[in-house]
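Here is the structure we will look at.
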Amino acid sequence: MSRNPRAPRPSRCTANAAAAGRPHGEEAFVTGILTSAEDFERARAWRLTDAADFDSYLLDTAVLLAEARRTYGTVQARMFHVDDFADFCLLHRLDPAEPASRDRYLVNPPLQTQLLPYQGEELVGDFVPRLVRARDSGLTLRHVELLLDRVPGGDGGGAEDAAVLVRQAHQRGAELFRRMLVGAGFGAYRFLCAVEAPGGRLEAEARILHWEDGVVRINDEDLDLVCAVLCAGLYRELPGAALLHGSQGSAGACGEYRQVAWAWQSEGGGYAPAAVELDEVRAEPGFSLGTVC
């Protein structure tokens with residue numbers, strides 16, 4: 001990692017990873033963003049920013065990101081989580097007040113799944129909440145990776161057999177999700193799933209728009225997380241539940257919509273209709289997934 005003298009003045013929460021030998025416009029700019037006033041106050045002792053308060057900090061950060069977009073080929077950000085940073089410095093015996101410590105934390109390879117591309121979104125109302133979700137999703141994906149490292153039923157079979165089983169479980173999970181959406185039909189939905197796993201519950205959530213022309217709109221990162229959680233549950237044969245709720249109907253049906261909430265449950269082998277409550281949402285047994293093409 002190197003610094004570039006023409007780079008926008010970085011905040012003290014910023015690491016600029018510039019690839020040597022590449023055109024300046026193709027370099028990557030990576031920054032960490034404090035996402036709450038509480039975290040801002042807790043981070044004061046580390047001198048991460050010169051801003052007087054959290055609102056001023058967000059304004060400074062928005063300017064920094066805008067300048068970075070004009071200068072760099074790629075601009076990425078992740079949540080600068082004060083507890084994660086403190087633990088990282090303790091583990092690696094680093095001084096949290098040193099800029100080099102923040103650089104190492106921001107580009108730590110196991111945390112790359114928490115990075116999001118910044119494309120000019122509104123910082124407070126859009127991008128900051130997504131950063132918080134990206135951290136949660138990144139931790140869940142890391143947990144899933146650890147679960148998928150182990151072959152179900154013992155140590156036999158080897159790495160190649162394990163990879164085949166993981167691919168099969170991922171395909172089954174993706175197909176289950178597809179059948180739930182196809183069976184639900186047109187509408188706007190929220191999908192929830194949870195798997196009771198060693199080390200703690202795995203959870204995923206996604207907002208979905210299913211248009212009349214059959215096109216399904218869902219954020220890529222949400223889709224990846226849903227499929228990963230379903231995959232882990234099927235691969236390790238863990239109990240789990242899935243729930244789909246929202247407004248069913250199409251704009252072409254004279255604005256006729258109805259509220260629906262369907263659920264499915266698994267004891268490890270597969271998902272079947274069942275009454276379930278997730279995140280304070282109660283759902284009746286869903287339709288049979290075996291009847292959906």
Side-chain angles (χ1 to χ4, degrees), residues 116-117 119-134 136-137 140-141 144 169-196 201-234 238-267 269-293:
L116 289 180
Q119 299 173 326
E121 301 93 329
E122 179 187 353
L123 195 59
V124 176
D126 185 2
F127 198 62
V128 166
R130 286 182 59 208
L131 291 177
V132 176
R133 292 196 302 271
D136 293 339
S137 298
T140 299
L141 288 171
V144 167
H170 193 277
Q171 290 169 355
R172 289 175 60 200
E175 178 61 15
L176 281 170
F177 187 43
R178 186 193 71 82
R179 287 174 180 257
M180 291 173 187
L181 298 185
V182 171
F186 312 134
Y189 305 103
R190 177 178 177 231
F191 179 81
L192 302 166
C193 64
V195 168
E196 303 302 331
R201 171 183 274 199
L202 299 172
E203 296 179 327
E205 176 180 345
R207 299 280 181 173
I208 301 144
L209 289 175
H210 190 174
W211 298 104
E212 296 173 66
D213 58 5
V215 174
V216 174
R217 301 295 185 188
I218 179 173
N219 287 336
D220 289 341
E221 59 263 31
D222 293 339
L223 177 61
D224 291 343
L225 185 64
V226 164
C227 291
V229 169
L230 292 174
C231 168
L234 295 169
L238 300 169
L243 187 153
L244 186 68
H245 73 106
S247 299
Q248 183 192 44
S250 66
C254 301
E256 294 181 3
Y257 298 91
R258 72 184 185 102
Q259 295 301 306
V260 296
W262 298 301
W264 300 264
Q265 198 165 34
S266 172
E267 296 303 323
Y271 282 79
V276 166
E277 180 175 343
L278 286 177
D279 196 25
E280 300 183 352
V281 178
R282 294 184 179 180
E284 63 185 26
F287 43 86
S288 174
L289 298 175
T291 63
V292 179
C293 297

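Note: Asp222 CG to Ser137 OG = 6.5 Å, rounded to the nearest 0.5 Å. Distance check, rounded to the nearest 0.5 Å: CD of Gln171 to SG of Cys227 gives 11.0 Å. Atom OH of residue Tyr189 and atom CZ of residue Arg207 lie 14.0 Å apart, to the nearest 0.5 angstrom. Rounding to the nearest 0.5 angstrom, the gap separating the CG atom in Leu238 from the CG atom in Leu202 is 8.0 Å. From Leu181, atom CG reaches atom CD1 of Ile208 across 4.5 Å, with rounding to the nearest 0.5 Å.
Pairing each heavy atom of His170 with each of Cys231, the nearest pair is N-SG, 3.6 Å. Contact record, Gly270 with Leu234: CA-CD2, 4.3 Å, taken as the closest heavy-atom pair. Closest non-hydrogen pair, Glu203 versus Leu225, comes out as O-CD2, 4.1 Å. Between Val276 and Ala241, the shortest heavy-atom distance links the atoms CG1-CB, 3.9 Å. Between Arg282 and Ala261 the shortest heavy-atom distance is O-CB, 3.7 Å. Among all heavy-atom pairs drawn from Ala228 and Val144, the shortest one is O-CG1, 3.8 Å.
Without hydrogens or angle criteria, Gln248 side chain to Ala184 main chain gives a donor-acceptor distance under 3.5 Å. Not a single donor-acceptor pair under 3.5 Å links the side chain of Arg217 to the backbone N or O of Leu209. A donor-acceptor contact shorter than 3.5 Å links the side chain of His210 to the backbone of Gly185.
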Q | Residues Trp262, Glu284; criterion side chain to side chain contact (heavy atoms under 4.5 Å, CB included); working and verdict | A | CA-CA 5 Å; Trp262 298 301; Glu284 63 185 26; 3.8 Å; yes

**Message:** Please evaluate residues Ser247 and Gln259 with respect to the criterion side chain to side chain contact (heavy atoms under 4.5 Å, CB included), reporting the C-alpha separation (whole Å), side-chain torsions for both, the decisive distance (0.1 Å), and the verdict.
**Reply:** CA-CA 5 Å; Ser247 299; Gln259 295 301 306; 2.7 Å; yes

Chi angles and distances behind the side chain to side chain contact (heavy atoms under 4.5 Å, CB included) call for Leu116, Phe127 | CA-CA 9 Å; Leu116 289 180; Phe127 198 62; 4.1 Å; yes

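Partner of Phe177 under the side chain to side chain contact (heavy atoms under 4.5 Å, CB included) criterion, chosen from Leu289, Leu230, Leu244: Leu230.
By the 4.5 Å heavy-atom criterion applied to side chains, Glu205 and Asp136 are not counted as neighbours.
Under the 4.0 Å criterion applied to side-chain N and carboxylate O atoms, Glu175 and Arg178 are assigned as salt-bridge partners. We find that Arg133 and Glu221 are not joined by a salt bridge, their nearest charged nitrogen and carboxylate oxygen being 4.0 Å or further apart.
In this structure, Phe287 has its ring center closer than 6.0 angstrom to the ring center of Trp264.
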